[in-house]
Amino acid sequence: MTSAVSILSKPCIGPASNNARNFHQEFTVTARVVVAPKRPTLPELSIKGIPHTDLHIREIVQRQLKIPDTSDHNYVCKKPEFHPSFLDDAYERCRVICAEYAKTFYLGTRLMTEDRQKAIWAVYVWCRRTDELVDGPNAIHMSSEVLDRWEERLHDLFNGRPFDMLDAALTHTVHKFPIDIKPFRDMIEGMRMDLKKSRYENFQELYQYCYYVAGTVGLISVPVMGIPPESSPHASTIYNSALSLGIGNQLTNILRDVGEDALRGRVYLPQDELSQFGLCDEDVYSRKVTDKWREFMKSQIKRARFYFDQAEEGASRVHKDSRWPVWSSLLLYRTILDAIEENDYDNLTKRAYVGRTKKLLMLPLSYTRSVSTTTLALSSLD
């Protein structure tokens with residue numbers, strides 16, 4: 001399953017002491033899970049909070065909000081030096097890969113400042129390479145040992161010892177922005193899940209997978225996008241929104257790719273919810289769109305839209321230079337759900353596609369949303 005790369009992220013917020021004070025010290029990230037209806041009559045979906053204590057998200061956020069502690073033995077004191085032309089080439093290669101394989105996402109990145117563009121491209125490329133270990137052309141050779149070596153390589157690049165040019169771009173990025181290593185390690189854990197798991201009994205299980213492969217990208221992206229001083233008391237809102245955007249993106253990927261994943265023997269749909277609508281894996285493999293399937297898909301799309309709605313609150317609290325690209329990413333990705341509906345919920349034999357013209361027409365709308373909602377967000381600041 002292709003990991004979703006969401007766009008939200010750099011706390012340019014002043015001294016570490018102010019960061020800690022504004023952070024309220026007891027910051028806790030929770031995610032809201034839309035629980036499936038008991039009956040396929042589809043009553044209003046209920047919402048349940050899931051604390052992320054076991055995932056240590058709070059610790060990730062705290063570390064990313066603080067200035068690095070040079071007394072920490074894990075801190076790399078000397079920033080790795082690369083020749084400027086080498087770095088330019090490294091980031092250009094990242095840009096080309098992003099433009100080729102993530103057209104909707106890439107369009108949003110073009111609205112960023114140059115430094116943020118480069119950082120997001122480097123993050124995207126690492127995430128894609130990680131994903132391709134499991135889903136790429138060499139996936140047949142995948143094993144837990146390969147992922148262990150990839151994780152060792154991750155530690156090397158964080159410590160200023162990149163293996164290749166693409167790694168060097170990320171090494172430069174993680175030393176330029178306060179990005180923690182744990183979300184990257186968690187993403188590798190999501191790849192380990194793909195090795196062991198091809199079915200998810202319920203949405204709680206699927207949510208955990210979505211966090212590992214996509215919610216992590218939201219956490220990584222926040223430091224790149226930036227939290228301005230006036231929004232620093234609302235850091236928890238921004239990080240929760242980033243997580244929601246990652247989850248929404250991944251759920252959308254799952255719904256878009258149902259047919260393709262089935263060909264690989266994978267069904268990323270909650271088994272208990274399929275059963276509630278009188279469906280099972282065989283209905284997915286049959287590739288027949290029935291009324292039961294349409295009703296089931298309506299409930300799944302509603303859930304994905306819920307997470308996009310949750311992402312909106314933080315989208316207008318990031319740095320002003322990032323609000324338009326964040327909104328563009330959010331709205332552009334959400335149109336994939338519209339495309340599934342326009343295909344009469346046939347995601348078994350068709351791939352939901354959003355044309356370039358429609359994407360371009362979405363940019364003025366996203367700009368308007370970023371400006372209008374920013375005014376509302378600022379007016380609500382304490």
Side-chain angles (χ1 to χ4, degrees), residues 1-4 6 28-55 57 186-187 189-194 196-219 240-262 265-285 292-311 333-334 336-337 340-341 345 347-348 352:
M1 170 58 59
T2 302
S3 59
S6 58
T28 301
V29 179
T30 61
R32 294 177 178 176
V33 172
V34 182
V35 180
K38 297 292 184 183
R39 304 177 301 278
T41 51
L42 198 62
E44 191 66 26
L45 301 185
S46 60
I47 300 169
K48 179 181 178 182
I50 292 184
H52 283 101
T53 306
D54 293 342
L55 297 174
I57 292 176
D186 284 349
M187 181 174 291
E189 187 62 31
M191 300 305 111
R192 291 192 177 98
M193 289 180 70
D194 264 331
K196 300 179 289 186
K197 209 172 174 66
S198 60
R199 298 293 185 280
Y200 293 84
E201 185 59 33
N202 51 51
F203 183 64
Q204 279 68 27
E205 287 187 7
L206 183 61
Y207 179 90
Q208 185 179 39
Y209 172 74
C210 289
Y211 161 74
Y212 278 127
V213 299
T216 50
V217 186
L219 297 180
N240 274 311
S241 293
L243 279 170
S244 292
L245 183 53
I247 300 300
N249 283 354
Q250 187 61 24
L251 290 175
T252 300
N253 280 348
I254 288 170
L255 300 182
R256 180 195 61 197
D257 299 339
V258 169
E260 296 174 20
D261 289 331
R266 297 179 185 173
V267 179
Y268 292 92
L269 300 168
Q271 293 290 308
D272 60 343
E273 296 176 26
L274 280 169
S275 178
Q276 288 167 15
F277 284 83
L279 299 166
C280 63
D281 287 354
E282 291 306 314
D283 294 288
V284 178
Y285 294 136
K292 288 181 180 179
W293 180 259
R294 292 186 184 93
E295 290 304 309
F296 171 69
M297 284 308 304
K298 289 177 183 177
S299 71
Q300 301 302 303
I301 289 173
K302 185 171 185 178
R303 170 183 282 149
R305 283 184 174 140
F306 167 84
Y307 282 100
F308 285 127
D309 291 344
Q310 292 298 301
Y333 222 86
R334 192 153 51 184
I336 296 173
L337 300 174
I340 294 174
E341 292 175 331
Y345 303 98
N347 51 357
L348 297 172

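Heads up: numbering here begins at 1 and tracks the sequence. All values derive from a computational prediction rather than experimental measurement.
Between Gln310 and Asn240, every side-chain heavy-atom pair lies at or beyond the 4.5 Å cut-off. Taking the side chain as every heavy atom from C-beta outward, Asp281 and Leu269 never approach each other to under 4.5 Å. Counting heavy atoms from C-beta outward, Pro270 and Gln300 have side chains that approach closer than 4.5 Å. Phe308 has its side chain within reach of Leu245: a pair of non-hydrogen atoms, C-beta onward, lies under 4.5 Å apart.
Here the closest heavy-atom approach between residue Tyr268 and residue Ile254 is recorded as O-CG2, 3.0 Å. Contact between Val217 and Val213 at its shortest, heavy atoms only, is CG2-O, 4.0 Å. The shortest heavy-atom contact between Ala262 and Tyr285 is O-CE2, 3.5 Å. Considering all non-hydrogen atoms of both residues, Gly218 and Ala242 come closest at O-CB, 3.5 Å. Nearest approach of Ser198 to Gly265, heavy atoms of both residues: CB-O, 3.9 Å. Of all non-hydrogen atoms in Ala214 and Gly246, the two that sit nearest each other are CB-O, 3.3 Å.
Side-chain contact check for Asp194 and Tyr209: at least one donor-acceptor pair (N or O, by modelled atom type) lies under 3.5 Å.
Here Asp283 does not pair with Lys292 in a salt bridge; the nearest charged N to carboxylate O distance is not below 4.0 Å. The pair Arg305-Glu341 meets the salt-bridge criterion, since a charged nitrogen lies less than 4.0 angstrom from a carboxylate oxygen. Classification of Arg334 and Asp309 as a salt-bridged pair holds, one side-chain N sitting under 4.0 Å from a carboxylate O.
The line from OH of Tyr333 to CZ of Arg256 is 4.5 Å long, rounded to the nearest 0.5 Å. Taken from NZ in Lys302 to CG in Leu337, the straight-line distance is 14.0 Å, to the nearest 0.5 Å. Residue Tyr200 holds its OH atom at 14.5 Å from CD of Glu273, rounded to the nearest 0.5 Å. Separation of atoms CG (Leu279) and CE (Met297) is listed at 11.0 Å; rounding is to 0.5 Å. Remark: Leu243 CG to Cys210 SG distance equals 12.0 Å, nearest 0.5 Å. Put simply, OH on Tyr211 and CG on Leu206 are 15.5 Å apart, with the number rounded to the nearest 0.5 Å.
A side-chain hydrogen bond (donor to acceptor under 3.5 Å, both in side chains) with Glu205 is found for one member of Arg199, Lys197, Gln271 and no other, namely Lys197. Of the residues listed (Met191, Arg192, Met193), the one engaging Tyr212 in a side chain to side chain contact (heavy atoms under 4.5 Å, CB included) is Met193, and it is the only one.
The aromatic rings of Trp293 and Phe296 lie tilted to each other, with the angle between the two planes from 30° to 60°.
The main-chain N or O of Leu255 is found under 3.5 Å from a side-chain atom of Asn347 such that the two form a donor-acceptor pair.
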